[in-house]
Number of protein chains: 2
Amino acid sequence: MATKNQASGGVSRQVLADHVYEALLVALMDGRLEAGTPVSIDGMARELDVSPTPVREALARLEATGMVRRMALRGYRVAPLFTPDELADLMDARLVIEPANAFMACKHAGQELTGQLEQAIEDLKAAPRGPSFAEFRAYWEADERFHRLIAESAANQFLLSAYNALGGQVQRFRFFGGLGVTDADFAIAEHTEILKAFEAGDPELARQKMIDHIEGVKQRSQHDSEVRS
Amino acid sequence: MATKNQASGGVSRQVLADHVYEALLVALMDGRLEAGTPVSIDGMARELDVSPTPVREALARLEATGMVRRMALRGYRVAPLFTPDELADLMDARLVIEPANAFMACKHAGQELTGQLEQAIEDLKAAPRGPSFAEFRAYWEADERFHRLIAESAANQFLLSAYNALGGQVQRFRFFGGLGVTDADFAIAEHTEILKAFEAGDPELARQKMIDHIEGVKQRSQHDSEVRS
DNA sequence: GTACCGTAGATCCTATAGGAAATGCGATTC
DNA sequence: GAATCGCATTTCCTATAGGATCTACGGTAC
């Protein structure tokens with residue numbers, strides 16, 4: 001496996017646990033680690049050519065994201081995929097948090113933010129839409145960036161933590177990874193509406209447009225769930 | 001199968017990292033570990049008479065709660081106390097999440113839940129109100145239980161995760177730990193209002209009463225902040 | 001044929017040891 | 001008197017080894 005020692009700064013010494021964490025995350029996102037698969041500490045250590053200790057630390061951190069689950073004395077397993085009901089619950093939770101984020105972010109919004117949001121939308125338009133993980137990843141990254149920019153611009157560390165706690169954002173990636181992009185045109189249009197509200201400096205409108213967007217995602221994801229099953 | 005050496009009853013082998021985690025949590029809550037204090041892995045291992053490995057794992061988990069912070073290659077430190085502004089942000093975040101929890105929980109509410117909520121209020125009334133940690137802890141426990149019951153009864157794992165992400169609930173304990181209980185009478189009255197809404201089966205009212213409660217907590221906490229400073 | 005038991009393998013958990021980096025302190029030099 | 005260099009100590013990070021536990025498989029008895 002190609003070594004990524006080129007991290008800037010010339011810091012020769014890096015924390016191995018961080019590399020392991022990244023490697024596991026990529027493996028989870030790429031679907032190499034399927035839902036329910038046990039993640040052996042020793043086995044992963046052999047595979048990544050490190051000792052079990054950093055693997056243990058990386059898994060302890062991953063557990064907080066919900067990507068893996070730990071059973072005492074029985075090791076770790078990849079968390080199961082979402083059921084359609086859980087997906088609906090995730091959208092309900094997003095409906096609680098993200099409109100509030102949009103409202104607050106809009107109050108602090110400036111040129112810089114709207115520019116970055118616009119860039120995220122452009123990237124969304126440019127992203128390929130095929131079903132392969134590599135293709136989907138670019139799309140997902142632009143989508144995630146749009147929402148994260150808003151969450152961060154709300155300037156409230158606790159709301160940001162709450163947003164991050166919806167680790168399902170990543171799970172969602174896994175869910176649709178094999179399905180491809182099905183709602184790109186809708187998402188682009190809805191994101192644009194949100195951006196307009198930001199440019200107009202209308203927090204209440206931004207909140208409403210975010211609600212509209214997530215409601216749309218919810219409905220479309222439920223439809224996709226039926227297709228999948 | 002006579003042998004049930006697996007879970008609860010078995011004293012045989014508990015995971016050491018869990019004990020370390022608990023010990024650190026108690027030390028943080030009791031104020032033995034003050035804000036900003038570095039938490040040495042080796043030192044803590046010596047103090048608890050274990051090897052550094054389980055300490056490392058416990059700290060990795062604690063980091064996700066926000067109680068400690070990790071700086072790569074420089075170890076862990078106890079997270080700083082909240083400033084009044086941060087406390088206000090925490091209350092704003094609670095205002096986003098907890099009213100929604102109350103609304104949803106009320107829709108599923110039954111005899112069992114209202115009984116447990118009532119018990120939590122009774123415990124709140126009975127709790128001592130002195131400034132010592134031991135006294136305050138009982139009060140805090142009953143208060144936290146009330147809110148957590150509602151969060152869990154919302155029956156949405158993502159909203160529960162978001163609630164948990166406001167680890168500030170614990171930080172809040174630390175903040176007021178040295179100050180004692182100043183708003184017990186208000187809190188009891190407001191909790192009772194919420195309970196009434198649950199008993200009436202009125203989700204919208206429950207939402208509103210939760211808003212009122214947290215708004216009250218926010219105002220009173222800001223007043224306390226001024227006293228402290 | 002079914003159920004129970006013992007052994008073997010794999011895995012997890014903990015402890016100890018060693019290498020590397022950062023911090024603190026003191027001596028030297030300008 | 002102030003800044004810089006060098007050394008020693010502390011601390012963190014990783015690797016390896018050993019003890020304990022759980023699972024799987026095969027054999028035996030009913």
Side-chain angles (χ1 to χ4, degrees), chain A residues 1 3-25 27 33-34 36-64 67-79, chain B residues 1-25 27 32-34 36-64 67-79:
Chain A
M1 190 173 291
T3 52
K4 278 182 68 177
N5 294 347
Q6 63 169 2
S8 58
V11 181
S12 60
R13 182 176 174 78
Q14 289 193 353
V15 181
L16 268 187
D18 291 343
H19 283 178
V20 175
Y21 185 92
E22 271 298 319
L24 284 172
L25 209 57
L33 289 177
E34 290 183 10
T37 309
V39 181
S40 161
I41 294 176
D42 287 5
M44 193 55 63
R46 281 193 298 273
E47 188 170 327
L48 299 178
D49 199 35
V50 297
S51 78
T53 305
V55 176
R56 181 182 302 278
E57 184 171 338
L59 283 171
R61 276 189 249 165
L62 264 179
E63 190 194 3
M67 300 281 287
V68 300
R69 295 193 179 168
R70 170 177 176 270
M71 285 149 66
L73 299 177
R74 294 193 56 186
Y76 292 86
R77 305 180 75 86
V78 178
Chain B
M1 300 284 186
T3 55
K4 273 190 179 177
N5 47 359
Q6 187 182 355
S8 54
V11 192
S12 56
R13 261 294 171 264
Q14 193 93 1
V15 179
L16 219 50
D18 291 343
H19 282 177
V20 175
Y21 185 90
E22 272 297 321
L24 284 172
L25 209 58
R32 264 176 294 164
L33 288 177
E34 291 182 9
T37 308
V39 182
S40 161
I41 294 176
D42 287 3
M44 192 56 62
R46 281 193 299 271
E47 189 171 326
L48 298 177
D49 199 36
V50 298
S51 78
T53 305
V55 176
R56 182 181 302 276
E57 183 170 340
L59 283 171
R61 276 189 246 167
L62 264 178
E63 190 195 2
M67 300 281 288
V68 300
R69 296 193 178 166
R70 168 175 177 271
M71 286 148 67
L73 300 177
R74 296 194 55 183
Y76 292 85
R77 307 180 75 87
V78 179

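Here is the naming used below: chain letters follow the sequence lines, and residue numbers restart at 1 for every chain.
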Problem set entry | Spacing of A/D42 atom CG relative to D/dT21 atom P, expressed in whole Å | 17 Å
For this session: Let me know, please, whether A/Y76 or B/P54 comes out on the 5' side of the other along DNA chain C by nearest nucleotide.
Result: A/Y76
Exercise. Between B/L59 (CG) and D/dT11 (C1'), how many Å, whole number?
Worked result: 14 Å
For this session: Check whether any side-chain nitrogen or oxygen of B/R56 sits under 4.0 Å from OP1 or OP2 of D/dC12, and answer yes or no.
Result: no
Problem set entry | N/O (side chain, A/S51) to phosphate O (OP1/OP2, D/dT14) under 4.0 Å | no
Problem set entry | Short side-chain N/O contact to C/dC12 OP1/OP2 from A/S40, under 4.0 Å | yes
Exercise. Heavy atoms, side chains only, cut-off 4.5 Å: are A/L33 and A/L24 in contact?
Worked result: yes
For this session: Grab the CG-P distance between A/D18 and D/dC12 for me, whole Å please.
Result: 16 Å
For this session: For B/L16 and C/dC13, give me the distance from atom CG to atom P, rounded to whole Å.
Result: 11 Å
For this session: Using whole Å, report how far CD1 of A/I41 lies from P of C/dT14.
Result: 10 Å
Problem set entry | Side chain proximity check, A/E57 to B/L59, heavy atoms < 4.5 angstrom | no
Exercise. Starting at CG of A/L48 and ending at C1' of D/dT14, how long is that distance when rounded to a whole Å?
Worked result: 15 Å
Problem set entry | Spacing of A/D49 atom CG relative to D/dT14 atom P, expressed in whole Å | 13 Å
For this session: Please confirm whether the backbone N or O of B/G36 pairs with a side-chain atom of B/R77, one donor and one acceptor, at under 3.5 Å?
Result: yes
Problem set entry | A/T53 side-chain N/O to D/dC13 phosphate OP1/OP2 under 4.0 Å | no
Problem set entry | d(CD, A/E63; P, C/dC12) in whole Å | 14 Å
Exercise. Are any side-chain N or O atoms of A/R70 and backbone N or O atoms of A/Y76, one a donor and one an acceptor, separated by less than 3.5 Å?
Worked result: no
